[in-house]
Amino acid sequence: MKVTFLFLTVAMLHAGAHGISQNITLNEKNVSIKSIFAAIEEQTGYVIFYNKEHLQNTIPVSVNVRNMPLTAFLDLVLKNEPLTYEISAKNILIRKKSDPPAERVRVEKESGPLPPAAHFVGAVMDSASARPMSGVSVTVKGSLQGTSTDRDGHFDLDLSVNETVLVFSYVGYKPQEKLVQKGVPVSIFLAPATDTTGEVVVVAYGKQKKSSMVASITSIDPKELKGASSNLTTMLAGRVAGLISFQQSGEPGKDNASFFVRGVGSFGAGKVDPLILIDGMESTPDDLARLQPDDISGFSVLKDAAASSLYGARGANGVILVNTKTGVAGKPKFNLRAESNISTNTKDFKFADNVTYMNLANEAVLTRDPLGILPYDQNKIDHTAKGDDPMEYPDNNWIKQLIKPYTVNEKFNMNVGGGAKAAQYYIAGTYNIDNGVLRSVSGSGFDNNIKLGKASVRSNISLNITPTTTGVIRTSAEFDDYHGPIGGGGNVFNQAVWSNPVMFPAYYPASDLPTARHVLFGNNFIPASTNLYNNPFANMVSGYQASSTSTVNVQLELTQNWNFITPGLSSRVMAYTQRYSYFDLSRNYNPFYYTLAPDVNGKLTELTVLNPSTGTEYLSYNQGAKTLNTTTYAEFANNYNRTFNKVHAVGGMLIGILRNYISANAGDLQSSLPARNLGVSGRFTYAYDNRYLSEFNFGYNGSERFAANHRFGFFPSGGVAWNVANEKFFDPLLTTITRLKFRFTYGLVGNDQIGNPADRFFYLSNVTPNDNNRGYHWGMSQNNYVPGYSISRYANNDITWEQAQTTNYGMDISLRNGLDVVVDLYHSIRSNILMQRSTIPASMGAEAAIYANVGKASTHGLDLSLDYSKTVNRQLWIKARGTMTYAASKYLVDEEPNYPANMRYLSHVGNSINQTYGLVAERLFVDDAEALKSPAQSFGGANPVRGGDIKYRDINGDGQITNEDMVPLGWPTIPEITYGFGFSIGYKDFDFNAFFQGSARVSFFIAPHDIAPFAPNGGYQNGLLSAIASSHWSEDNQNLYAFWPRLDPNFNNNDVQTSSWWLRNGSFLRLKTAEIGYNMPQRLLDKMHFSSFRIYMNGQDLAVFSPFKMWDPEMGGNGLGYPVQSVYNFGIMMGF
Amino acid sequence: MLSGLILLTACKKNYLDVAPDNVATLANAFTMRSEAEKYLATCYSYLPNDGDPTQNIAYMGCDEVWYQYPSASINATNWAVARGGQNVTSPYINYWDGYMFNAIRVCNTFLDNVGNLSEVPDLQIDERTRWLGEVMFLKAYYHFLLFRQYGPIPIVDKNLPIDAPLEETKTKRQPADSVVNYIANLLDSAAARLPLNVLSPSTDDGHITKPIAQSIKARVLVYGASPLFNGNTDYASFKNKDGQQLFSQTVSVAKWQRAADAAKTAIATCSQAGISLYQFINQTGFPLTDTTMVQMSIRNAVCDKWNVEWIWGNSNSSTYQLQYSSMAHIDPANAGNSSIYGSMGPSLAVVKQFYSVNGVPINEDKTLDFSNMTQLRTGTHAERFNLIENYQTARINFDREPRFYADLGFDGGVWYMQNSPSNTDDNTWTTQLRLGDFGAGIPVTITTYYPKKMVNWKFAFLPDNGNHVEDYPFPNMRLADLYLLYAEALNEASGPSADVYTYLNLIRARAGLGTVQDSWTNFSNNPTKYTTQAGLRSIIHQERDIEMSFEGSRFWDLRRWKEAAQTLNANITGWNRMGTAQNPQLFYTITTFFNMQFISPRDYLWPIAESDLQVNENLVQNPGW
């Protein structure tokens, strides 16, 4: 008797195909049964299992059927064949007619009596959803015997042994081996193959198997990037090992987080953030921010030279590669996601009450000048305290009056993928509406609150043009429509602090002056002047600005397989064009301002208009900026990948690129010239037996920025890796360590985007021939005007790109218990950093700064990621994940004066690139006498330094406090450590996850100028933060370590110097995201004809732990801006 | 496989060469006359706008005028100098790091190129010579502006290439005498190439001429001969790092003689060029009294643009800010007009400087008693062209010389303007500044005095907060200044002489005063003062203070005379502007606004920013900083 074999490879290849069509349409003449089976598989998505030998005796058939049910069709085509069939779940089992029908595949010995059959049973489930998986192949290890699971995920196997190792495998999942005993049911949870050795990672100009990688690349499951906010960049911090990231504003449209690959490596004025490529198209952080995780198939960060040197002079700051999904042949598969969320400020700054405000405003005057005129009289203070007439005695809390407690946003995402053999498609559309938290006033006819509508569409079409030629057409477009207050939302928050709270109400009730057809905004003259105060409410609601941004990308990619010439050879051409357009405009009216004037009896009752001639009731229109630019790009690549004698894996790639960028509104001739790149890059890999891996990469490319002799640069890199776990000697350890790999790379990468973008052509001088700042008027009436010449750049032929020389040591280790660890240690030296020659004396008379590639800096650090997954039982699974990125930088060569020995501390060399220098604040002065006899502090110009002002330390001992007394203060202003950790738990149909993220080794400085209370600044007059009200030096309470120094009715220049007084620890830990979800079980899904259905609630930026309490610490010195938002989100996802 | 390389080589040649050949470079400036003229304008463009009181340190750095603190109407940043805020971290009026060395570099570039006959082929030799002379002058003047502030400076006679080795760029300071000699010689070279007058005033006024070059040379030499720079032993230890002495340590009278000679030459050239002391000619069509005629001669010598007395007007400057700051509310119908600043208040120290009507200092006048200056007195009918008839004001405002009434606005004063409501000087505009009076609208200067001298008589208030300002270029040099320089230098060189008296008396005559000899002999309690060198020196200094008042001279004169340490260590005083119309006693109380301090010798010279000293180790800081 023959053994029945299942050709599981066939099963695996087709298991991914979906579709539940039960009907067949086919018109073929004289075709083999094999191709009939293929047609069935294609049309129905069913998988047919058969034994090749059985087909040897079949005869070709001719069929012409239309919508014939599957079973009838099978009956028809197999009528004259020696075969019969059996359908189980989505599997069709083909047997010889002579075989006895069976529920399952029998395993028979070739001869002899059958030993008693042992029953092996169990179920296979998806580890993430705990849903049963059908069609999973179950094989006996080392043999070809096996079966596949049924629709409930169950399998049942009869073997002639008592125990055996079964291998469970399914496309897209990690295969699993399990020792099973007869009669003991087992539960198998298959995990998606996110980080298995079979995983494929997006790398420069292609993809690579993770197991064969040498370079340091972090790839992340796009699902990890799903958060409650609609901005992808806010999800990077702590999740992607190797990225330092932080978010300083929560304003819709301006809420992108900053992110740097391995920190900031250069101190030049040029680009320090990574190159972003989405489907190979160079993109902006905004483009990345708008991407939907649903549409992403791969997300990689190239960190070391071996990974990024193919990008040559553009890769030194690291590269972020994102690929979007393509369609999979089969029936259309829809996914819908709808979310609605509540967004609220993580933290609002707090004001003191207005009675305190006025009392302290009076104190501020008196403490500096006992004879000074008090700004507020006692009567006003008393009435304000009583609150008996808020119109006459205004009592504003601008934050409460300008800012709503929360806002509601909506998000919709839809995608559909599918196709046939010849063409597959993936089409996605997204629409997100983000609203601001600003209040609006009714009746103005427009809404001044921020509303940002973000729409994007994406269509990826793959075509199999010939058996060896494939094409992909990717079209995507993003559209942003913004509407918001003039000056932006951050400005509203700033004004809330910068406005006087007691000199006028926001507005008077319309009933006070029924004849007026406009809002009666409150205001008053600034004492001893004819200027009005700044009414932040009027500013916010009296107009709006709108902008519209469109980005359209069209990309065409053709791949030709040259297997018929030599196996493993292929070519690829890709070209794209990107069109970007932006415009903005604003409309506003000039508010009419009113104040209460005395009536005939001297009582303040009558509303008087303060600006009768400048107020308007109609809107004015202001044109804004219009930006247009175009990028076109083409690349041509040849790939070669082949394994010889099963152990020698050879790979090669050679690629040429061409890029052209033009901007329509350049402003001057030099900026209007196209920006271009041209280059050839290559990658050569050789691996022996998947144990010893080596890689050589290079980029040879140039840009238009430099003189002909410096235009092209060569950036080589190389690396080796050792897969220790694949060694024979390691076998004993495989039971605990499943993967162990050591990697080493070294190479050069460049950065050509140096200096100010306007200074693109360093080899050309920049002369303005008709400069009106350098002209002169002659003549009796002074009207014989002749413009002049000015130089904004001297020509320098020697300027060239920055260069990073990076060494990377990496280790990947996976433990049997489910823990994966990836560690990378690196050291990078950035040289040729362009910097201003600050050591050229003023007497040279140079009109423009002189630059040279003289700077040098180093970075070093560690990227660590840990993953752990554990399936406890069929109901419960746990996953945990953590990353840590440490990146520290150091000046090696800085263009600076030769500081004398006693002032070496002024030198930046040896300190971080982002180190702030400032004065050392000792404490506040005890009294005027101490201030007088201490080293002179002349920052305040002519204003005397007094008791209660900040006392600085005379570091160089020259008897005066100057910039020469500035020392490095605190940690760098960009965090040296970004970390994150989180877990996911699934129980039955529910899952829960939480993720914490933090920064450490970071400092920031409070900007004292922004919060200095009472200081007039034009129409602005700062409010009083409660932190200052409760802790400041006063004559009654001479606290030498109070938060705020002696009050001053004006900006006190001595006290607002950058100093350790304002230095704060910027480290924090926050609950970044948390989510609870419910997945509908399979039986309900089937009933409702869904393929998936999930309801969830999640939140982002839910809590923060930090020693700093005044505002969200992540905002750093920008704390008075638009706060980072806490988002509470409710969503539904369904697939069908 | 090689297609990538083929692609590259195919494109490499031109693809990255995106810059067209004819982008503008500096060479363009010297291809033709019209472009070279732009470069000439560039050389001129660095001349400071001394008509802007916020930029001219002479208005913000001493006791001549005082401002309200904090100042709401004008940018008073630089006023910190007067208030003791000068520092080494970021010095005020930092010409060193500012534009002066840029200006010199630009001038050198011009001289190198235009001096080369093969450049600018269409530039004719006459014009070329003239332009070279003008730029030589500018180069010298920019050196002088630095010298005036910093004393010894590096001389930049030739430009170093931009990529010169760092060591070469680290120039050291040159001794004060060398700097003065360098500037004087360069001015000689300039003068030799310059014409007496501009060719066509309508288009060329403001171009440098020979009288300008020669009179500035006189000014430079007077500075070099003045006590601050001439044998100043305070600076005995002020040396370069290599030990080179930066200030001569012996007084040289020859320096004064050289200055006097230069001034004399300049005066002769001015006279050849038709420059003479200004006298007002009444073209209003209405009669004016002699009192007003004299005052108008004094006022218009400064404010009437391009008048015969001007040697050099900076045609690129504007006096709008100065006039807004100096104007008072004189028009009751426009009392609420807030288009003026009312910011510059002359201090009582300066008010007291003006002579009595007898032409002698008020504390020397033996016929008039000014000892009780706050005493109230009522204006009489006879005084009605200077003071409001029947209006009470302080003693100090009575019996003063014509320049007092011409130059100062004050409570109870008369302020004649071209748009006088009576068309004449009788019953004309007045200033009534006490709280409640029409002149006390927003705002009155802190001292309640106004530098009326700097407001052109065609200034007019217009309805709806408007005004008309008759702008005039700032006169950088006028003949009276040159006469005073000559008199001063000659007296210092050889003591009292006929020439000294002659030129002083010319100025006094225009100001409606008797001669020095007559005035002192008849009215002074020190009648022979003018006969000694020291006495005459004191007379010349005071004459200069009065004649050049509010024109940005006092700040520099007090320094070069080394008098600042006495004069500027004093209280800044004025009247109390909170005094009401009904309470003149309160108004006329002497109020102290500030206790001014001048630290000697530190404050005689500017601090060089510490960052400059770090960059160039060959530089030494000025003493005291």
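The sequence lines fix the lettering, A, B, ..., with proteins before strands; numbering per chain opens at 1.
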Pick one of side chain, backbone, both or neither for [X], based on which atoms fall under 4.5 Å of a heavy atom in chain A.
X	answer
Leu166(B)	side chain
Trp96(B)	both
Val156(B)	side chain
Pro165(B)	neither
Val106(B)	side chain
Lys170(B)	both
Glu617(B)	side chain
Ser317(B)	backbone

Subject >> Gap separating the CZ atom of Arg774(A) from the OH atom of Tyr46(B), nearest 0.5 angstrom >> reply: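 Rounded to the nearest 0.5 Å, the CZ-OH separation comes to 4.0 Å.
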Subject >> CD-CG distance between Gln614(B) and Leu906(A), expressed to the nearest 0.5 angstrom >> reply: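 The CG atom of Leu906(A) is 6.0 Å from CD of Gln614(B), to the nearest 0.5 Å.
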Any donor-acceptor pair under 3.5 Å linking the side chain of [X] with the backbone of [Y]?
X	Y	result
Ser315(B)	His777(A)	yes
Asn616(B)	Pro841(A)	no
Glu610(B)	Glu964(A)	yes
Asp205(B)	Gly779(A)	no
Arg676(A)	Tyr15(B)	yes

Among [options], residue most engaged with chain A (heavy-atom pairs, under 4.5 Å):
options	value
Lys38(B), Glu35(B), Arg83(B)	Lys38(B)
Leu619(B), Asp163(B), Asn316(B), Leu40(B)	Asn316(B)
Ile153(B), Asp464(B), Thr169(B), Asp97(B)	Thr169(B)
Asn159(B), Leu160(B), Val81(B), Asp612(B)	Leu160(B)
Ser202(B), Ser318(B), Gly206(B)	Ser202(B)
Asn314(B), Asn618(B), Asn465(B), Thr77(B)	Asn314(B)

Between [X] and chain B, which part of the residue has a heavy atom less than 4.5 Å away: side chain, backbone, both or neither?
X	result
Phe939(A)	side chain
Arg760(A)	neither
Ser571(A)	neither
Asn1050(A)	side chain
Phe706(A)	neither
Arg837(A)	side chain
Ile840(A)	both
Gln960(A)	side chain

Subject >> Residues that Asp752(A) engages under side chain to side chain donor-acceptor pair (under 3.5 Å), provided they are two or more places apart >> reply: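 Applying side chain to side chain donor-acceptor pair (under 3.5 Å) to Asp752(A) gives Asn677(A), Ser703(A).
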Counting heavy-atom pairs under 4.5 Å with chain B, which one of [options] comes out on top?
options	result
Ser765(A), Ser938(A), Pro787(A)	Pro787(A)
Ser843(A), Pro1016(A), Ala846(A), Pro944(A)	Ser843(A)
Met844(A), Glu896(A), Gln670(A), Met903(A)	Met844(A)

Determine the minimum heavy-atom distance between [X] and [Y], stating which atoms define it.
X	Y	value
Ser45(B)	Gly775(A)	CB-O, 3.3 Å
Ala19(B)	Leu764(A)	CB-CD1, 3.7 Å
Thr962(A)	Val88(B)	CG2-CG2, 3.6 Å

Original post:
Parallel, tilted or perpendicular for Tyr39(B) and Tyr789(A), by the 30°/60° rule?
Top reply: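 Answer is tilted, since the angle falls between 30° and 60°.
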**OP:** Could I get the full list of ring-ring contact (aromatic ring centres under 6.0 Å, His included) partners for Tyr205(A), not counting sequence neighbours?
**Re:**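 Scan of Tyr205(A) (ring-ring contact (aromatic ring centres under 6.0 Å, His included), adjacent residues dropped) gives Tyr311(A).
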Original post:
Is Arg711(A) paired with Asp17(B) through a side-chain N to carboxylate O contact shorter than 4.0 Å?
Top reply: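 A salt bridge links Asp17(B) with Arg711(A).
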